[in-house]
Amino acid sequence: MSSEKKQLSRAELVSFSVSVIILLALVGSLLYIWLSPRTRPAEFRIEIREIQNIRGEYHVWFSVINEGDETAKKVIVQAILPGSKDEPWTVFDYIPARSQVQGVFVFQAKPDPANLRVISFQKP
Amino acid sequence: MEYNSPWKKEWKDILRGISGSFLFGVPLLYTVEVWWAGNHTGPFQTFTVLLVTFGFLLPLSRASGFRVEKHYGWKDMLADSVTSLCIGAVAATFSLFMVGVLRPGLDLAAVLGKIALETAPFALGVGISDLILHPERVKEEERNSKDQDGGGLLRDTLKDAGATALGSIIIAFSIAPTEEVQLIASRLSSLWLIGIVAASLLISYMIVFEAAFVSIDVRKSQKGIFQHPFSETAFSYFVSLVIAFVMLWTFQQVSFQDSPEKLLSYTIVLGFPSVIGGAAGRLAV
């Protein structure tokens, strides 16, 4: 069913060469990550991007940026409002190292100002 | 099996490799745990995954590989395994991008981790692609089945639809009850969904008409109403979408009270693995 052949054709050599280049780029990037020092544990910066008034409710859009070198799992972000007993929170499944995710808190009253903080996370 | 030029033969071989990679890789593409694991796979671990995959590809490219004409020298085996790994990596990267897992704001280490973990199944798919999609075998089976039931326009069409539905059910059944369809659909824009439709049609066409057949004339010689390559691809996509929708409805992922946008996006997202299963079904039955 399968025929045998002796040597690589020029077309096969071209696809092999292209493959080598792509895989070398892949391995090179891995090597770069490996060699660059990555020692900072997960640490977070929260930015409030926008506050929208939607049908009388205040939608607070925010980003959580993990500036550390380690991925964090089950990151809980809590919002603290002055003069309010409510402390709503939300969970992000994963925030990879040096990556960011976005979320929204919805408030009845205008959050002025809304303080957001990470209250806990797990090591993956 | 004659090809006009070695370039055309190489092109067909690579398309066969890509087809095999999707057939084998897609179920793991729709597995959120694989994306998550990629978030914290260190560079050493990532490299090991690629190396071990390459190790499996060595014997595979001798036993099957993605080429119709086999190489048996160790140098050629090595070269074929490198090419297989690369095809797998490119197909995996494309797929991850398509389902919105690779997105801006993601760290390079996480990107590479996700790519490497998905490359493993995609590359192994390349390694066995000639075993599943060998032209002569498919051609022979096609001919045998034609001789046995004597053809008939409606019958051929029904047979194709049935085979597509069967293949689609097998793949869509295992994905529909999981959270992935919702996860993927929720992060894609309508323009992106059109891209998924295009990719679904293209890959389905590639598997049935480019990878498994030396010439589409063989497949075209079947007499079903939808037997022209383009109409058959479109028809089987329709069947796969119907199956995807039925599966989603069965597992209560969608209901008729949902918005048309939701119904459409969920169905298109599950339609991608479903149409790939459908293409495999048509080759198998």
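Proteins get letters first, then strands, A, B, ... in listed order; numbering begins at 1 in each.
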Check: Got a sec: does the CD of B:Glu179 have more than 12 other heavy atoms crowding it under 6.0 Å?
Finding: no
Next item on the list: Mind checking the OG-CZ spacing from A:Ser9 to B:Arg67? Nearest 0.5 Å is all I need.
Entry: 7.0 Å
Notebook entry, point to check: So which heavy atom on B:Pro6 is nearest to which on A:Ala11, and how close?
Noted result: O-CB, 3.7 Å
Checklist line | Closest non-hydrogen atom pair between B:Trp7 and A:Val14, with its separation | finding: CH2-CG2, 3.7 Å
Notebook entry, point to check: Do B:Cys86 and A:Val18 come close enough that some side-chain heavy atom pair is under 4.5 Å?
Noted result: no
Check: Say you draw a straight line from CG of B:Leu78 to CZ of A:Phe16; how long is it, rounded to the nearest 0.5 Å?
Finding: 7.0 Å
Next item on the list: Would you sort out whether B:Trp36 and A:Lys73 count as a side chain to side chain contact (heavy atoms under 4.5 Å, CB included), showing the intermediate values?
Entry: CA-CA 10 Å; B:Trp36 283 346; A:Lys73 189 179 157 185; over 6 Å; no
Note to self: Heavy-atom pairs under 4.5 Å with chain A: which of B:Thr46, B:Ile14, B:Thr83 has the most?
What the structure shows: B:Thr83
Notebook entry, point to check: Between A:Arg10 and B:Glu10, is the closest basic N to carboxylate O distance under 4.0 Å?
Noted result: no
Check: Out of curiosity, A:Asp93 CG to B:Leu183 CG, how far, rounded to the nearest 0.5 Å?
Finding: 8.5 Å
Item checked: Region of B:Ile87 in contact with chain A, defined by heavy-atom distances below 4.5 Å -> neither
Check: Would you say the side chain of B:Asn39 lies within less than 4.5 Å of the side chain of A:Pro124, judging by non-hydrogen atoms?
Finding: no
Notebook entry, point to check: Considering all heavy atoms of both residues, which atom of A:Ser99 and which atom of B:Asp107 are nearest to each other, and what is their separation?
Noted result: OG-N, 2.8 Å
Margin query: Any heavy-atom pair between the side chains of A:Leu30 and B:Leu50 that's under 4.5 Å?
Written below: yes
Notebook entry, point to check: Is the count of non-hydrogen atoms from other residues, nucleotides or ligands lying under 6.0 Å from B:Phe56 atom CZ greater than 12?
Noted result: no
Next item on the list: Kindly check if the number of other-residue, nucleotide or ligand heavy atoms within 6.0 Å of CG (B:Leu191) is above 12?
Entry: no
Notebook entry, point to check: Measuring heavy-atom distances to chain A, does B:Ala110 have an atom under 4.5 Å in its side chain, in its backbone, in both, or in neither?
Noted result: side chain
Item checked: A:Ile33 CD1 to B:Phe44 CZ distance, which is reported to the nearest 0.5 Å -> 15.0 Å
Item checked: Atom pair CD/CG of A:Gln100 and B:Leu106 - distance to nearest 0.5 Å -> 10.5 Å
Check: Between A:Asn66 and chain B, which part of the residue has a heavy atom less than 4.5 Å away: side chain, backbone, both or neither?
Finding: neither
Check: Is it the backbone or the side chain of B:Leu112 that comes under 4.5 Å from a heavy atom of chain A, or both, or neither?
Finding: side chain
Next item on the list: Drop me the distance from A:Glu12's CD to B:Asp80's CG, to the nearest 0.5 angstrom.
Entry: 6.5 Å
